[in-house]
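The next block holds one structure in the form of structure tokens; read it before the comments.
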Amino acid sequence: MPATRKSVIVLPDGATDERLPQLGGQTPLEAARIPHMDWVAANGELGRIVTIPPGFTPGTDVGTLTLLGYDPHRYYNGRAPIEACAKGLETRPDQLIFRCNFVTIVDGRMKDFTAGHIAQGEAGALVMALNAALAAEDCTFHAGVSYRNLLLLGEAAEMKLTCAPPHDIPDQPVADHVPRGTGAERVMAIMARAREVLAAHPVNAARRRAGRDPVTDIWLWGQGQPTTLQPFAAKYGVRAAAITAVDIIRGMAVATGMDLIAVPGATGYIDTDYDAKGRHAVAALQRYDCVVVHVEAADEAGHLGDAAAKVTALERIDAAVVGPLLAALRRYPEWRMLVAPDHPTPASTKAHSAVPPHYAFAGTGVTVSGGPRFTEAAALATGRLETAGHTLLARFFA
């Protein structure tokens, strides 16, 4: 790639959706005012992309790995090991790394896979209590961001488990989705012991007094052991930086050798500071060949089933992130921008979907073959489907 070219990859997590009655039969992207994403779609290439290959569970891990050009068949070994990279955690060969959500289960159903987006201080206190209570089980818990934590479990390398992501079972009976396979009894016992620890903890006593739902359980999933990813710079010949508020993307950045740019006010939720993300990304363009900006908000709105909040999130991403970056890019002699959700998160189901999301990229040397808007219908109308999704980024950088 020419040294003068600047590139931006914007990842609006879960942005692709379905037509919703509460939006008058429109998708959130159709209902949203997104002139800058629409410009990219109209002045570049627009299509759909298979980010979740058959046999994989739809999620940010597999979807983003694909979008960054890493074939999940070769490189994916569980979500938790990627997040562990963000923490710089070292593991023993006998350990299995689990994602550990703090959740609220009521009457046997998954009421809230975020435990009310538990505050960081509360989460840290609960992690300390779990470490004290379960140390004898060779369990080591590590606090992440809010409800998103990790468990390193010893003497577990031989486990062969199927575990359901809690965000894919909202309001469903959890008994239908508990871990299954070799080692499931041990994992279930750990979850049961954690339930006892949480029930008696002062954090939950305070939550109950305040009229808030308690943190009833931990939910273990996304397990795996670390794998090695080819450096992004060696793969594409660019020096890249990433901006994100969640450990799954931080972990991918660390694992692929990208620099991480911390943004104060970035929360990984719908209340994130969109403007700050945009400002830091524009500034990073001066120092890096490529800037990757991940925004979680649309995905979280989808999980809430809140179509209006999703429209607002998409409009803020467009105005505060895509718009300023597009303006900054176009001042360089050569540039490209890619906008690509990792997967759909329909507000109707509140869960991830493996339906191919859409993408658009524009810039220097890109043949215009898009559509009028950055919407699901416009992408479908092009007839373009990238079936080997991990090859798209090579074309983007070509």
Side-chain angles (χ1 to χ4, degrees), residues 1 7-16 40 44-83 85-86 165 222 224-242 244 246 248-258 289-294 299 336-345 352-363 366-367 369 376 379-380 382-398:
M1 188 186 80
S7 301
V8 167
I9 300 168
V10 179
L11 305 172
D13 201 304
T16 305
V40 175
E45 177 177 308
L46 175 66
R48 297 180 303 137
I49 177 172
V50 176
T51 57
I52 312 297
F56 288 87
T57 300
T60 297
D61 46 7
V62 175
T64 305
L65 199 65
T66 298
L67 287 173
L68 294 180
Y70 297 87
D71 184 354
H73 292 98
R74 177 179 178 185
Y75 291 104
Y76 183 71
N77 196 30
R79 178 179 183 126
I82 300 173
E83 295 193 4
C85 289
Q225 293 178 308
T227 189
T228 301
L229 297 179
Q230 181 184 6
F232 200 78
K235 190 174 180 67
Y236 299 114
V238 296
R239 182 167 177 255
T244 181
V246 296
I248 183 61
I249 308 300
R250 287 188 186 126
M252 284 188 200
V254 171
T256 58
M258 295 184 195
D289 304 316
C290 177
V291 178
V292 179
V293 186
H294 171 264
D299 181 69
R336 286 190 181 179
M337 173 181 277
L338 168 67
V339 182
D342 49 352
H343 54 70
T345 308
H352 294 163
S353 166
V355 170
H358 59 304
Y359 72 91
F361 67 82
V366 176
T367 301
S369 57
E376 299 84 355
L380 182 63
T382 68
R384 183 179 292 111
L385 176 64
E386 295 284 332
T387 55
H390 65 278
T391 65
L392 177 69
L393 208 60
R395 286 205 300 109
F396 173 72
F397 281 123

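Computed from heavy atoms alone, side chains included, the values below leave out hydrogens, waters and symmetry copies.
Checking side-chain atoms of Arg336 against main-chain N and O of Ala398 turns up a donor-acceptor pair under 3.5 Å. Side-chain atoms of Tyr75 do not come within 3.5 Å of backbone N or O of Gly69 as any donor-acceptor pair. Checked by atom type and distance alone, the side chain of Asp71 never pairs as donor or acceptor with a backbone atom of Thr66 at under 3.5 Å. The backbone N or O of Leu46 lies less than 3.5 Å from a partner atom in the side chain of Arg384, making a donor-acceptor pair.
One distance of note links OH of Tyr236 with CD of Gln230; it measures 8.0 Å at 0.5 Å rounding. Separation of atoms CG (Leu65) and OG1 (Thr256) is listed at 9.5 Å; rounding is to 0.5 Å. Distance check, rounded to the nearest 0.5 Å: CZ of Arg48 to OG1 of Thr382 gives 7.5 Å.
Here the side chains of Pro81 and Gln225 are not in contact, with every heavy-atom distance at 4.5 Å or above. Side-chain contact between Ser7 and Asp289 is absent, with no heavy atoms from C-beta onward closer than 4.5 Å. Contact annotation: the side chain of Leu67 never approaches that of Tyr359 to less than 4.5 Å [non-hydrogen atoms, C-beta and beyond].
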Apply side-chain contact (heavy atoms from CB on, under 4.5 Å) to the pair Asp342 and Thr51, showing each step before the final yes or no.
CA-CA 6 Å; Asp342 49 352; Thr51 57; 5.6 Å; no

What's the verdict on side-chain contact (heavy atoms from CB on, under 4.5 Å) for Thr16 and Val355, showing C-alpha distance, side-chain angles and the deciding distance?
CA-CA 9 Å; Thr16 305; Val355 170; over 6 Å; no

Taking it one step at a time, do Arg395 and Glu386 satisfy side-chain contact (heavy atoms from CB on, under 4.5 Å)?
CA-CA 11 Å; Arg395 286 205 300 109; Glu386 295 284 332; 2.6 Å; yes

Chi angles and distances behind the side-chain contact (heavy atoms from CB on, under 4.5 Å) call for Leu229, Ile82:
CA-CA 10 Å; Leu229 297 179; Ile82 300 173; 5.9 Å; no

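Annotation for His73 and Pro53: closest pair CE1-CB, 3.6 Å, computed over non-hydrogen atoms. Listed here is the closest heavy atom pair of Ile9 and Cys290: CD1-SG, 4.0 Å. Nearest heavy atoms, Asp61 versus Met252: O-CE, 3.0 Å. Between Gly251 and Cys85, the shortest heavy-atom contact is O-CB, 3.6 Å. Closest of all the heavy-atom pairs between Val238 and Phe232 is CG2-CE2, 3.7 Å. Shortest non-hydrogen contact noted between Pro356 and Val50 is CG-CG2, 4.1 Å.
Using modelled atom types and a 3.5 Å distance limit, the side chains of Asp299 and Thr60 yield no donor-acceptor pair.
A search for ring pair (Phe, Tyr, Trp, His ring centres under 6.0 Å) contacts involving His294 returns nothing, not counting sequence neighbours.
Taking the six-membered ring where tryptophan is involved, the planes of His343 and His352 are tilted, since the angle between them lies from 30° to 60°.
Cation-pi contact between Lys235 and Phe397: absent, since separation from the ring centre below 6.0 Å together with deviation from the ring axis within 45° is not met.
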